[in-house]
Structure formats: structure tokens, C-alpha cells
Amino acid sequence: MKIFSLSVILAPPSGASTVFSTASDLSTFSFYQKGSVGEFMSFFSKTVAERTAQGQRQSIQENNYTAHVYNRGGAEQLAAVVITDQEYPVRPAFSLLTKLLDDFTAKVPQTSFKDPASISFPAINTYIQKYQDPRQADMIMRVQEELDETKIVLHKTIESVLQRGEKLDNLVDRSTALSAQSKMFYKTTKKKNSCCVVM
């Protein structure tokens, strides 16, 4: 599961879109591929943002990549796009996009939208690093994983109890045997001591 690109884009209903902030993690590509892949990610992000109706979310697959788009629309006319591999889960991707847009609108005033070059949003780099792990984006997924871990621990506990139970059975058998030997020892010593009476 990998996030390759994350972008906040001005996507008016008509006209060209404008990238306000973007971050990418192209570490899995070679030095010679990074430039071309970066250009493709930028083009793909802008294209899908322009083609997504306001107020809608959609996922588009292209080759080995999936672009998850959330065009919030409204007064800001903002869209967010995350490009991932095909293994990245859909729900965490859209949770990430919602958080990203909320944070962007809280930190970047709408008056600065007229001059995209002046927009600074360094938090996008934190988002792309932090949410490489989809459990960070989706609380439900994290809770489900914790439940799965608890179930695994429970199974291990039951297995260990069964193993312990088998050992306890062996001890019970041994203690019964020990008890019989103890009785025999007691009887034997009693017989031997009975011939000599001390007065």
C-alpha cells in the first residue's frame, strides 16, 4: 500500500484547474523515471479533478495507479486528489482527502486563491508521510485491526490454557501415583517398624 501523490486543486465548474499544493513520494521509482512519473501524476491529478462533479467522490484506475478524488465544490471550489497503488483501501483514502481539505481551508485564506504562487501549505508533506499507513487515516480500520489482534491473543491464550491443561492432567496423574507410592512407603515402613517395639 503506497501513496504516490497528494494534491489540493482549485477546480471551478468550468475552466482549467489550478494546483494549489502538492506533495509526492516517488522513492520507489528510479532517478531516471521520477521526472516522467511526477509529470504524469500532476497531469492525472488535474484531469480527474476537472472531470469530477462538485460534491462528488470517485476513484479512477489507470494502469497500476488509482486516483481517489473528492471535489468538495462550494464557495472554495476545492478538490483533493490522492494517487495510490491499487492495494490502498478506498475508505482511508477518502478520509485522508476530507482531513486534507479541512486543514487546507482552515490554514489557507480564500483571498490567497487569486495568487497560487503565494500559497504555502507545508502540512501536505506531513500528510503524505503519515498516511502511507492507511490505519492512520481511518479509525474504523484501526479499531478492526485491534479487534483482530485481540482475537489472535485470545486464540493464543486458549491454546496455552489447553497446553497448560494437558500439563495439569499429567501432574494430577503423577500426584495420584505419588500418593499410592506414599501409601506403599508408609505401609512398608510401618511393617518394618512393627517388629521392633521400643519401650
Side-chain angles (χ1 to χ4, degrees), residues 1-108 110 112-113 115-117 119-142 144-145:
M1 291 183 272
K2 177 89 173 150
I3 295 177
F4 297 110
S5 175
L6 185 60
S7 304
V8 177
I9 300 171
L10 178 68
S14 59
S17 61
T18 306
V19 177
F20 281 162
S21 184
T22 189
S24 59
D25 181 355
L26 305 178
S27 59
T28 56
F29 298 98
S30 74
F31 174 77
Y32 299 106
Q33 292 175 320
K34 286 182 182 179
S36 299
V37 172
E39 287 176 9
F40 167 74
M41 298 286 175
S42 178
F43 172 76
F44 192 29
S45 296
K46 286 180 70 172
T47 303
V48 296
E50 290 171 358
R51 307 254 187 314
T52 303
Q54 289 190 351
Q56 295 214 346
R57 300 167 194 234
Q58 64 178 345
S59 297
I60 299 104
Q61 289 187 351
E62 176 63 31
N63 293 330
N64 296 329
Y65 309 106
T66 302
H68 303 282
V69 189
Y70 175 34
N71 188 338
R72 184 180 278 178
E76 295 110 0
Q77 299 181 347
L78 291 177
V81 180
V82 61
I83 299 176
T84 66
D85 60 9
Q86 292 180 354
E87 295 174 3
Y88 200 89
V90 174
R91 188 175 57 221
F94 285 115
S95 295
L96 166 59
L97 295 176
T98 301
K99 289 176 187 178
L100 178 68
L101 286 175
D102 289 342
D103 195 23
F104 186 83
T105 55
K107 293 181 179 174
V108 178
Q110 193 171 350
S112 65
F113 290 5
D115 184 18
I119 295 174
S120 175
F121 185 61
I124 197 165
N125 294 311
T126 306
Y127 278 103
I128 198 167
Q129 293 304 317
K130 183 177 180 184
Y131 293 106
Q132 289 294 342
D133 180 8
R135 293 170 296 187
Q136 297 295 323
D138 190 16
M139 288 296 290
I140 293 172
M141 189 173 186
R142 189 180 319 156
Q144 181 63 44
E145 185 172 282

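Just so you know, these numbers come straight off a predicted model, no measurement behind them.
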Measure the shortest side-chain to side-chain distance between [X] and [Y] over non-hydrogen atoms and say whether it is less than 4.5 angstrom.
X	Y	answer
Ser45	Val19	no
Asn71	Gln56	no
Asn125	Gln129	no

- Message: Quick one: does any side-chain atom of Thr22 pair with a main-chain N or O of Leu6 as donor and acceptor, under 3.5 Å?
- Response: yes
Parallel, tilted or perpendicular: rings of [Y] and [X] (30°, 60°):
X	Y	value
Phe20	Phe113	tilted
Phe4	Phe29	tilted
Phe40	Tyr65	tilted

Looking at [atom1] of [X] and [atom2] of [Y], how far apart are the two atoms once the value is rounded to the nearest 0.5 Å?
X	Y	atom1	atom2	result
Asp102	Arg72	CG	CZ	4.5 Å
Leu100	Ser95	CG	OG	12.5 Å
Tyr88	Tyr131	OH	OH	8.5 Å
Glu76	Gln110	CD	CD	5.5 Å
Lys2	Ile83	NZ	CD1	13.5 Å
Phe104	Leu97	CZ	CG	13.5 Å

[X] to [Y] - nearest heavy-atom pair and separation:
X	Y	answer
Ala23	Ile128	O-CD1, 3.5 Å
Val81	Ala67	CG1-CB, 4.4 Å
Ala11	Ala79	CB-CB, 4.1 Å
Gln54	Gly74	OE1-N, 4.0 Å
Gln58	Phe94	O-CZ, 3.6 Å
His68	Ala93	CD2-CB, 3.5 Å

- Message: Val8 vs Leu101, test: side chain to side chain contact (heavy atoms under 4.5 Å, CB included). Steps then yes/no.
- Response: CA-CA 7 Å; Val8 177; Leu101 286 175; 4.2 Å; yes
- In this structure, are over 12 heavy atoms from other groups packed under 6.0 Å from Asp115 atom CG? yes
- Item | Under-4.0 Å salt bridge between Lys99 and Asp103 | no
